[in-house]
Amino acid sequence: MKQTAVFASLLFFLASLSFSTQAQDTRKIVVEQPNSPISLSEYSAEYQERDSYQSEGVRNEVTYRNTSNRDIVAFELGFVMFSVFNEFLDNSSGVSMDDLEAGDSDDGGWVFNSLNAFTFHTGVAFVRHLRCENGEIWEADMSVVEDRIQKIQSEFDASQLGKDEGESE
């Protein structure tokens, strides 16, 4: 009987260790801009450990839809990641060069590694810019993105997004 109690206590202790090391629920934020030809409908982001089949990093997966009446031939999504302490981790981009016809939906996923990716807690996704079939380029209003991000980290500034405001490619 005493061995059963010790065994049960040991199992409880080991179970509590495994629960304490599991990732917390992450926050996922989509910054929508009313004039964007692409709408992000679903966004997931979480830390993934390295194994035989995948690299370590923050996996960002997005479902998107072309809400315009023009075909899109390329677009770039921006991803900004923060730690469990709301500290800036990284800014990355996911690019797709697959045609997205007017009204169509698709999804994509990108994994980004940063020095402290294991501390990931909050992800922000937005459409950075895109190219329509007719050559027209649409670009995000980065002040809208910056304003939303400053609700997570008040001292955040646009230089952390990798491009200065007004900088052209």
Side-chain angles (χ1 to χ4, degrees), residues 21-51 53-68 70 72-100 104-132 136-169:
T21 61
Q22 290 178 356
Q24 295 180 347
D25 286 340
T26 59
R27 288 193 326 165
K28 286 109 4 205
I29 298 166
V30 172
V31 179
E32 289 286 352
Q33 298 193 38
N35 63 345
S36 173
I38 291 180
S39 171
L40 306 180
S41 60
E42 294 180 34
Y43 172 47
S44 68
E46 63 183 27
Y47 172 71
Q48 72 178 22
E49 293 182 3
R50 178 188 170 117
D51 66 21
Y53 302 102
Q54 61 188 17
S55 60
E56 175 187 24
V58 178
R59 171 173 285 289
N60 292 266
E61 294 181 355
V62 181
T63 299
Y64 46 86
R65 183 173 195 264
N66 180 348
T67 58
S68 75
R70 302 171 303 243
I72 296 170
V73 296
F75 63 88
E76 179 181 10
L77 302 180
F79 299 100
V80 184
M81 293 154 274
F82 293 89
S83 76
V84 69
F85 305 109
N86 289 341
E87 295 169 337
F88 176 76
L89 282 178
D90 202 359
N91 165 53
S92 297
S93 295
V95 175
S96 174
M97 296 187 56
D98 293 333
D99 289 350
L100 187 62
D104 281 357
S105 295
D106 204 350
D107 54 51
W110 296 268
V111 178
F112 306 108
N113 193 1
S114 67
L115 184 59
N116 293 315
F118 68 95
T119 67
F120 171 77
H121 184 261
T122 303
V124 178
F126 62 95
V127 180
R128 187 181 290 272
H129 52 250
L130 58 85
R131 179 183 188 92
C132 295
E136 178 186 347
I137 305 291
W138 177 90
E139 294 195 22
D141 178 351
M142 295 307 286
S143 66
V144 172
V145 176
E146 184 179 9
D147 287 347
R148 181 57 184 98
I149 291 172
Q150 285 177 338
K151 291 178 181 177
I152 300 166
Q153 185 187 65
S154 60
E155 51 291 335
F156 187 87
D157 68 80
S159 67
Q160 291 174 290
L161 292 173
K163 296 182 182 183
D164 292 330
E165 289 184 87
E167 180 183 347
S168 60
E169 293 191 55

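Owing to the predicted nature of the structure, the values given are computational and were not obtained by experimental measurement.
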Can a donor-acceptor pair be found between the side chains of Tyr47 and Glu56 at a distance below 3.5 Å? yes
Measure the spacing between CZ of Phe156 and NZ of Lys151 and express it to the nearest 0.5 Å. 14.5 Å
Assess whether atom CG of Leu115 is packed by more than 12 heavy atoms of other residues, nucleotides or ligands within 6.0 Å. no
Calculate, to the nearest 0.5 Å, the distance between atoms CD1 and CZ belonging to Ile38 and Arg65 respectively. 11.5 Å
Set of side chain to side chain donor-acceptor pair (under 3.5 Å) partners for Ser96, sequence neighbours left out: none
For the atom pair CZ (Arg59) and CZ (Phe79), what is the distance rounded to the nearest 0.5 Å? 11.0 Å
Please assess Arg148 against Glu146 for the test salt bridge (charged side-chain N to carboxylate O under 4.0 Å, His left out), listing each intermediate value before the final yes or no. CA-CA 5 Å; Arg148 181 57 184 98; Glu146 184 179 9; over 6 Å; no
Here the gap from Leu130 atom CG to Ile72 atom CD1, rounded to the nearest 0.5 Å, amounts to 4.5 Å
Counting only N and O atoms by type, is there a donor-acceptor contact under 3.5 Å from the side chain of Thr26 to the main-chain atoms of Glu46? no
If you count heavy atoms of other groups shown closer than 6.0 angstrom to CD of Gln150, is the number above 12? yes
Which residues pass the side chain to side chain donor-acceptor pair (under 3.5 Å) test with Arg70, not counting sequence neighbours? none
Please tell me whether Tyr43 and Asn60 have a donor and an acceptor in their side chains that are separated by less than 3.5 angstrom. yes
Which word best sums up how the rings of Phe75 and Tyr64 line up, parallel for under 30°, tilted for 30 to 60°, or perpendicular for over 60°? perpendicular
If only atom types and distance count, is the side chain of Ser36 paired as donor or acceptor with the main-chain N or O of Gln33 below 3.5 Å? no
Using a 4.5 Å cut-off on heavy atoms from C-beta on, say whether the side chain of Arg27 contacts that of Ile152. yes
Exercise: identify the closest heavy-atom pair between Ala117 and Gly57: CB-CA, 4.1 Å
Which atom pairs, one a donor and one an acceptor, fall under 3.5 Å between side chains of residues 80-90 and the rest of the protein, sequence neighbours left out?
from: Ser83; atom 1: OG; to: Phe85; atom 2: N; distance (Å): 3.0
from: Ser83; atom 1: OG; to: Glu87; atom 2: N; distance (Å): 3.2

